[in-house]
Amino acid sequence: MKPDEPLWTPPARDGGQPPAELRRIFRLFRAYRGRLALVGLLVGASSLVSVASPFLLREILDTAIPQGRTGLLTLLALGMILTAVVNSVFGVLQTLISTTVGQRVMHDLRTAVYTQLQRMPLAFFTRTRTGEVQSRIANDIGGMQATVTSTATSLVSNLTAVIATVVAMLALDWRLTVVSLLLLPAFVWISRRVGQERKKITTQRQKQMAAMAATVTESLSVSGILLGRTMGRSDSLTRAFAEESERLVDLEVRSSMAGRWRMSTIGIVMAAMPAVIYWAAGLTLSSGVTSVSLGTLVAFVSLQQGLFRPAVSLLSTGVQMQTSLALFQRIFEYLDLTVDITEPEKPVRLDKIRGEIAFEDVIFSYDGQTAPTLSGIDVTVPAGHALAVVGPTGSGKSTLSYLVPRLYDVTGGRVTLDGVDVRDLDFETLARAVGVVSQETYLFHASVAENLRFAKPDATAEEIEAAARAAQIHDHIASLPDGYDTLVGERGYRFSGGEKQRLAIARTILRDPPVLILDEATSALDTRTEHAVQQAIDALSEGRTTLTIAHRLSTVRDADQIVVLDGGRVAERGTHEELVERDGRYAALLRRDGSSMAPAVT
């Protein structure tokens with residue numbers, strides 16, 4: 001797939017049609033049309049070779065054997081063997097090419113969904129269960145594997161085989177052909193009904209699989225296990241999972257059995273047709289009025305039996321495609337999600353970043369929220385200076401910090417970096433400019449070195465160690481048996497809260513951003529650990545523009561400017577001394593946060 005060639009485009013929703021329309025599915029294969037054309041040629045050649053065998057059989061029965069022509073018999077027998085060999089070779093090549101194309105399409109879909117999710121705003125993930133997202137990528141796309149891998153080839157192969165076989169049957173005897181095809185319209189109608197039924201059940205099944213995946217993700221994470229055991233809810237969680245699984249069992253059985261009797265009836269009728277042909281031919285032979293030779297009759301029945309397999313397969317493919325539409329629809333729902341935060345057509349790239357941050361009459365509201373979370377925010381942070389934002393819970397402190405790296409976009413006003421609206425900057429500049437250390441430290445299930453190198457993939461061992469020393473975590477890492485190769489465990493649970501926080505700080509030091517956002521980075525720590533982490537933060541903040549969100553006011557006394565938010569508005573601003581002397585809201589917060597008035601423990 002070319003980088004500039006879109007894998008999908010939003011469909012026109014006219015007439016109430018679902019987004020998973022066939023032409024949109026076919027578009028997924030557009031980049032591989034050359035290989036698919038080769039498959040088509042192989043399929044056509046294979047079909048032509050297949051229908052040759054019954055004609056060779058007719059010549060054996062009507063000419064070679066009755067006339068005792070052993071040479072002709074040998075050639076015809078060798079021709080039948082060669083036909084089987086050529087068909088087998090063509091079949092292997094078809095499978096190789098079609099499977100490769102199908103897996104590439106699967107790869108394109110997985111990558112497209114993952115890329116789309118990476119572009120989604122933070123708000124999407126706050127309202128979507130992680131297990132649901134994982135299920136779309138794993139279960140839904142995985143469920144389409146058979147469809148995209150073999151259905152296209154199966155469709156072309158079976159359709160070509162049916163056409164070639166019908167033509168050959170007509171060449172042998174048109175009357176027998178008409179009799180053989182009388183029930184075909186009824187079979188097509190039955191298969192369509194079965195496909196519609198399975199499509200509905202498949203939609204329900206995938207939703208149930210997503211719900212079960214979400215339950216597993218939440219309850220079997222480290223946090224979920226800790227919560228379940230400490231609350232004594234392990235048994236109830238097990239029962240809840242068993243109920244989810246039981247519902248899935250019912251849907252799987254219904255999906256498997258939907259229309260099974262009707263499709264079996266088609267198979268029985270098709271299998272009985274040769275017996276009917278032989279019976280009818282036997283009656284006419286006994287009356288002496290038939291004009292069909294024995295060789296023609298055997299060849300025709302052979303073709304008819306060859307027709308049943310691709311015909312039944314073609315009907316089953318139609319059922320499978322209708323079923324798969326439900327899976328494609330769920331995937332296209334994600335691909336059609338609106339990406340609110342995007343780069344402009346001509347983004348601004350800053351080669352040298354000073355780090356001045358300005359909030360200019362900023363207004364922000366979450367989706368579906370009537371009252372704005374932030375309103376009329378006018379604050380400027382000169383390059384290299386420190387701004388602390390404090391206020392009661394729900395005043396909009398963290399939301400304000402999220403606007404700088406564009407985790408959210410402002411509803412009104414603008415946020416600027418060095419005088420440039422952050423919405424005009426390219427993503428690479430913004431990611432290089434702004435580093436975030438939050439209260440919720442996230443570490444991958446990988447080694448310490450790999451977690452730190454996530455900020456700078458080409459970092460040397462010396463740079464990693466220097467960052468760890470600056471974050472005051474090197475000595476602890478060096479004391480571990482595996483040192484920097486130590487696995488941190490799921491979400492870093494092998495490390496304490498303070499240690500994880502210092503690892504996050506080391507990671508940010510390694511990235512070396514000119515603008516630093518500290519979102520309540522020490523609020524969950526005890527006083528002694530907070531002091532150790534605060535020393536690492538001080539080292540990190542040196543010479544950078546710093547925006548600190550804090551509950552513990554002891555961490556913001558030295559800020560160049562302190563802003564007090566209340567109800568999404570700036571209630572006060574000034575230095576620590578100025579605000580204490582003013583004896584307003586900041587002073588009230590100080591009195592309420594009595595522990596922060598005490599000196600830090602050393």
Side-chain angles (χ1 to χ4, degrees), residues 354-365 371-405 407-408 410-422 433-439 514-523 534 537-538 540-597:
R354 295 182 294 107
E356 180 184 87
I357 298 294
F359 300 89
E360 301 177 1
D361 196 22
V362 165
I363 301 172
F364 178 79
S365 298
T373 301
L374 297 171
S375 182
I377 305 296
D378 273 300
V379 178
T380 299
V381 190
H385 284 61
L387 170 71
V389 182
V390 300
T393 301
S395 58
K397 304 185 299 297
S398 294
T399 301
L400 184 68
S401 69
Y402 291 162
L403 299 178
V404 180
L407 298 178
Y408 294 101
V410 297
T411 307
R414 66 177 193 154
V415 179
T416 65
L417 172 64
D418 291 347
V420 180
D421 193 321
V422 293
V434 184
V436 179
V437 179
S438 65
Q439 176 184 345
V515 178
L516 179 63
I517 295 175
L518 303 172
D519 185 10
E520 302 183 14
T522 64
S523 62
Q534 189 60 47
I537 288 176
D538 291 341
L540 175 61
S541 304
E542 187 69 30
R544 306 177 198 275
T545 304
T546 307
L547 176 59
T548 303
I549 310 298
H551 274 306
R552 293 186 180 180
L553 303 187
S554 60
T555 62
V556 302
R557 297 185 181 209
D558 297 330
D560 298 307
Q561 182 180 189
I562 299 173
V563 168
V564 181
L565 290 184
D566 191 6
R569 294 180 175 273
V570 176
E572 288 183 325
R573 72 176 77 199
T575 63
H576 171 75
E577 291 76 13
E578 291 171 346
L579 294 174
V580 169
E581 183 177 350
R582 193 175 302 166
D583 195 24
R585 301 193 185 202
Y586 180 77
L589 289 172
L590 273 176
R591 287 190 291 270
R592 192 179 310 159
D593 185 27
S595 61
S596 68
M597 300 293 289

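The structure displayed is predicted, hence computed values, not measured ones. As a basis for the values below, the full set of heavy atoms in this structure was taken, side chains included, without hydrogen atoms, waters or symmetry mates.
Scanning all heavy atoms of the two residues, the minimum distance from Val564 to Tyr586 falls at CG2-CB, 3.8 Å. In terms of heavy atoms, Ser375 sits closest to Pro372 at CB-CG, 4.2 Å. Listed here is the closest heavy atom pair of Gly376 and Ile363: N-CG1, 4.0 Å. In plain terms, the two heavy atoms of Glu360 and Thr416 that are nearest each other are OE2-CG2, 3.8 Å. Pro405 and Ile517 get closest at one heavy-atom pair: CD-CD1, 3.8 Å. Asp560 and Thr575 make their closest contact through O-CG2, 3.6 Å (heavy atoms, listed as atom of the first residue, atom of the second, distance).
Within the structure, the side chain to side chain donor-acceptor pair (under 3.5 Å) test picks out no pair touching residues 377-395 (sequence neighbours left out).
When Val563, Val389, Leu400, Leu374 are each tested for a side chain to side chain contact (heavy atoms under 4.5 Å, CB included) with Val570, only one passes: Val563.
Proximity of a side-chain donor or acceptor of Arg582 to a complementary backbone N or O of Arg573 within less than 3.5 Å is detected. Using modelled atom types, one side-chain atom of Lys397 and one backbone atom of Gly391 make a donor-acceptor pair closer than 3.5 Å.
Contact of the Gln561 side chain with the Val381 side chain is not registered, since no non-hydrogen atoms from C-beta on lie closer than 4.5 Å.
Taken from CD1 in Ile357 to CG in Leu403, the straight-line distance is 11.0 Å, to the nearest 0.5 Å. Considering CG of Asp519 and CG of Leu547, their distance stands at 8.5 Å, rounded to 0.5 Å. Rounded to the nearest 0.5 angstrom, Thr373 OG1 and Leu565 CG are separated by 11.5 Å. The line from CG of Leu518 to CG of Leu387 is 11.0 Å long, rounded to the nearest 0.5 Å.
Note: Tyr402 and Tyr408 have tilted aromatic rings, judged against thresholds of 30 and 60 degrees for the angle between ring planes.
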- Task: Could you go through the side chain to side chain contact (heavy atoms under 4.5 Å, CB included) check for Arg591 and Asp583 one step at a time?
- Result: CA-CA 10 Å; Arg591 287 190 291 270; Asp583 195 24; 2.9 Å; yes
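Open room surrounds CZ on Arg569; 12 or fewer heavy atoms of other groups in view lie less than 6.0 Å from it.
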